[in-house]
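Scroll down for the structure; my scribbles are underneath it.
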Amino acid sequence: MRLLTHNFLASNVKGVSTGYPLALEVAKTSIKEVELNVDFLRGILPKIDWRALFAATSAAGFPELLAAEQPPEAELFAEGAAAVEGSAIRRLHHALLEIHVEEGTLVCPDSGRSFPILKGVPNMLLHEDEVRH
């Protein structure tokens, strides 16, 4: 599961008000290199919850990868920044698209319900008594 995916997941357990962001408990990660696409990052950035991404990146074992506060877009998308190793845009790309959680757990902040991540796939299926009708 990419951290990009984590940023959009929420718990839909009956009685939960927001269910977001899910806490991330990581047992195993992998790095899968992906070509950097600045246009994709520019388009997805407004939809990203930076605090949730920062927390997930730290939980995945990369606490120094991102700044706690989102850098200004002028810094992220500065001319030539994508070509500079260690630039903010390359760190964002790495966090969102290259860090994969292979094994772990997602935990609902409201109910405490755990959802396993096995072989990189989060299982968000609910039990019958947890479904909203």
Side-chain angles (χ1 to χ4, degrees):
M1 176 188 77
R2 291 180 170 147
L3 297 186
L4 173 63
T5 303
H6 170 265
N7 206 265
F8 291 98
L9 293 176
S11 173
N12 286 315
V13 173
K14 181 172 46 177
V16 167
S17 58
T18 60
Y20 183 86
L22 296 168
L24 181 60
E25 298 173 354
V26 178
K28 180 181 174 187
T29 61
S30 66
I31 303 298
K32 299 178 182 175
E33 291 188 20
V34 177
E35 186 175 335
L36 189 140
N37 182 330
V38 174
D39 291 331
F40 172 78
L41 293 172
R42 189 183 321 272
I44 200 73
L45 186 61
K47 299 172 178 82
I48 297 296
D49 180 323
W50 191 270
R51 287 188 193 129
L53 178 61
F54 177 75
T57 304
S58 296
F62 301 90
E64 304 299 321
L65 184 61
L66 297 177
E69 298 297 321
Q70 181 178 324
E73 287 192 29
E75 176 186 339
L76 282 168
F77 302 109
E79 184 73 31
V84 177
E85 195 65 39
S87 65
I89 191 72
R90 291 187 65 109
R91 291 192 318 269
L92 174 62
H93 164 79
H94 185 64
L96 286 174
L97 301 170
E98 295 185 329
I99 298 171
H100 289 251
V101 177
E102 300 293 340
E103 309 288 332
T105 306
L106 298 167
V107 181
C108 175
D110 296 333
S111 69
R113 166 73 151 81
S114 294
F115 302 95
I117 303 166
L118 301 171
K119 297 181 182 177
V121 179
N123 182 345
M124 302 291 292
L125 293 175
L126 300 177
H127 301 237
E128 184 65 33
D129 63 330
E130 297 174 318
V131 177
R132 297 177 192 175
H133 294 286

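- Scanning both residues, V26 and A60, for their nearest heavy atoms gives CG2-CA, 3.8 Å.
- Rounded to the nearest 0.5 angstrom, Q70 CD and F54 CZ are separated by 13.0 Å.
- At least one donor-acceptor pair under 3.5 Å links the side chain of S87 to the backbone N or O of V84.
- Within the model, atoms CG of L53 and CG of L4 stand 8.5 Å from one another, a figure rounded to the nearest 0.5 Å.
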Given the rule in the side chain to side chain contact (heavy atoms under 4.5 Å, CB included) test, do E25 and I117 qualify, once you have shown the distances and angles that lead to the verdict?
CA-CA 9 Å; E25 298 173 354; I117 303 166; over 6 Å; no
What's the verdict on side chain to side chain contact (heavy atoms under 4.5 Å, CB included) for R91 and T57, showing C-alpha distance, side-chain angles and the deciding distance?
CA-CA 11 Å; R91 291 192 318 269; T57 304; over 6 Å; no
Go through the steps to decide whether L3 and L24 satisfy the test side chain to side chain contact (heavy atoms under 4.5 Å, CB included), and finish with yes or no.
CA-CA 10 Å; L3 297 186; L24 181 60; 3.9 Å; yes
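- From M1, atom CE reaches atom CG of L106 across 5.0 Å, with rounding to the nearest 0.5 Å.
- In this structure, L65 and A95 approach most closely via the heavy-atom pair CD2-CB, 3.7 Å.
- Connection of L41 to F8 is established within a shared hydrophobic cluster, with ILVMFWY side chains joined at heavy-atom distances below 4.5 Å, either directly or through further cluster members.
- In terms of the side chain to side chain contact (heavy atoms under 4.5 Å, CB included) criterion, residue partners of K32 (sequence neighbours excluded) are, by chain and number, S30, H100, E102.
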As a quick check of understanding, evaluate side chain to side chain contact (heavy atoms under 4.5 Å, CB included) for V16 and R113, giving each step before the final call.
CA-CA 10 Å; V16 167; R113 166 73 151 81; over 6 Å; no
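- A donor-acceptor distance shorter than 3.5 angstrom exists from the side chain of W50 to the backbone of A67, with no hydrogens or angles considered.
- Contact between H6 and A56 at its shortest, heavy atoms only, is ND1-CB, 3.6 Å.
- The distance from atom CD1 of I44 to atom CG of D39, rounded to the nearest 0.5 Å, is 13.0 Å.
- With rounding to the nearest 0.5 angstrom, the CD1 atom of I48 is 5.0 Å from the CG atom of L96.
- N12 contributes atom CG, which lies 13.5 Å from atom NZ of K14 (distance to the nearest 0.5 angstrom).
- Considering N123, L126, V107 in turn, L126 is the only one that fulfils the side chain to side chain contact (heavy atoms under 4.5 Å, CB included) rule with F115.
- The hydrophobic cluster containing V121 does not contain L22, counting ILVMFWY residues as joined when their side-chain heavy atoms lie under 4.5 angstrom apart, directly or transitively.
- Shown here for G19 and C108, the closest heavy-atom pair between the two residues is CA-SG, 4.1 Å.
- Proximity of a side-chain donor or acceptor of Y20 to a complementary backbone N or O of N7 within less than 3.5 Å is detected.
- Not a single donor-acceptor pair under 3.5 Å links the side chain of T105 to the backbone N or O of S114.
- Every side chain to side chain contact (heavy atoms under 4.5 Å, CB included) that R51 has, sequence neighbours left out, goes to D49.
- Side chain of H94 to main chain of I31: no donor-acceptor pair is present (N/O by atom type, distance under 3.5 Å, no hydrogens or angles).
- Nearest heavy-atom pair, H93 versus E35, reported as atom, atom and distance to 0.1 Å: CE1-O, 3.5 Å.
- Between L45 and F77, the shortest heavy-atom contact is CD2-CE1, 3.8 Å.
- For the pair L118/E103, a side-chain contact is recorded, criterion being any heavy-atom separation below 4.5 Å from C-beta on.
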